[in-house]
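Take a look at the structure below.
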Amino acid sequence: MNSADRSDSIGNPNRASARAPLREHVATSVRRYLRDLDGSSADDLYEIALRELEIPLFAEVLNHCDGNQSRAAAMLGIHRATLRKKLRDYGIA
């Protein structure tokens with residue numbers, strides 16, 4: 001995939017594609033989650049949302065990098081030690 005096929009995180013029209021930005025998918029999921037609460041309270045929503053995003057994000061990036069944690073950490077823009085701690089915390093690796 002070349003840079004013309006990607007849309008950046010701020011909706012830069014020079015890099016826009018036919019695909020919706022990730023934030024639109026996240027917003028749709030959050031709206032659905034809040035609607036499904038049906039009046040129930042949601043404590044620690046920020047922590048829940050981060051965990052629910054990080055787990056598949058880390059798993060998919062790690063898979064994309066064929067299990068190479070150094071490459072995955074670089075792709076994510078985090079330190080390898082941080083990635084290893086998160087993977088351990090989430091029981092991914």
Side-chain angles (χ1 to χ4, degrees):
M1 175 187 308
N2 65 39
S3 63
D5 294 331
R6 288 184 231 134
S7 151
D8 73 10
S9 63
I10 59 171
N12 185 335
N14 294 330
R15 296 180 65 194
S17 71
R19 285 182 244 151
L22 179 58
R23 69 173 156 221
E24 289 181 23
H25 295 286
V26 172
T28 299
S29 293
V30 170
R31 278 191 299 274
R32 185 180 317 121
Y33 180 82
L34 293 172
R35 184 187 64 235
D36 290 349
L37 285 175
D38 197 30
S40 298
S41 66
D43 296 331
D44 300 323
L45 184 55
Y46 181 74
E47 290 300 320
I48 292 168
L50 283 181
R51 178 180 177 86
E52 291 299 309
L53 176 69
E54 283 185 335
I55 290 172
L57 176 65
F58 293 158
E60 293 302 322
V61 170
L62 195 55
N63 184 51
H64 177 78
C65 293
D66 298 320
N68 185 312
Q69 292 181 1
S70 294
R71 282 182 43 221
M75 186 177 221
L76 290 163
I78 62 176
H79 193 277
R80 185 176 54 89
T82 301
L83 176 61
R84 290 173 58 84
K85 180 188 181 311
K86 294 279 194 173
L87 294 175
R88 194 171 43 252
D89 290 350
Y90 294 146
I92 297 172

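The figures here come from the full heavy-atom set of this structure, side chains too, leaving out hydrogens, waters and symmetry mates. This one's a predicted model, so the numbers in the text were calculated from it and none came from an experiment.
Of all heavy-atom pairs between R71 and H64, the closest is NH2-O, 4.1 Å.
Atom OG of S70 and atom NE2 of H79 lie 9.0 Å apart (nearest 0.5 Å). Rounding to the nearest 0.5 Å gives a distance of 12.5 Å between CD1 of I55 and CD of E60. Distance check, rounded to the nearest 0.5 Å: CG of N68 to CG of L62 gives 8.5 Å.
Few gaps surround NE2 on H25; more than 12 heavy atoms of other groups in view lie less than 6.0 Å from it.
Taking S29 as the reference, R32 meet the side chain to side chain contact (heavy atoms under 4.5 Å, CB included) condition, with sequence neighbours excluded. For L34, the side chain to side chain contact (heavy atoms under 4.5 Å, CB included) partners two or more places apart in sequence, or in a different chain, are V30, L37, L45.
L53 and F58 fall into different hydrophobic clusters, where Ile, Leu, Val, Met, Phe, Trp and Tyr are joined by side-chain heavy atoms under 4.5 Å apart, directly or via other members. In terms of hydrophobic clustering, with Ile, Leu, Val, Met, Phe, Trp and Tyr side chains grouped at heavy-atom distances under 4.5 Å, V61 and V26 are assigned to different clusters. The cluster map of Ile, Leu, Val, Met, Phe, Trp and Tyr, joined by side-chain heavy atoms under 4.5 Å apart, puts L50 and I48 in different clusters.
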Under 3.5 Å, which donor-acceptor pairs do the side chains of residues 82-93 form with other protein atoms, sequence neighbours left out?
{"from": "R84", "atom 1": "NH1", "to": "Q69", "atom 2": "OE1", "distance (Å)": "3.0"}
{"from": "K85", "atom 1": "NZ", "to": "D89", "atom 2": "OD2", "distance (Å)": "2.7"}
{"from": "K86", "atom 1": "NZ", "to": "E54", "atom 2": "OE1", "distance (Å)": "3.2"}
{"from": "K86", "atom 1": "NZ", "to": "E54", "atom 2": "OE2", "distance (Å)": "3.4"}
{"from": "Y90", "atom 1": "OH", "to": "E54", "atom 2": "OE1", "distance (Å)": "2.3"}

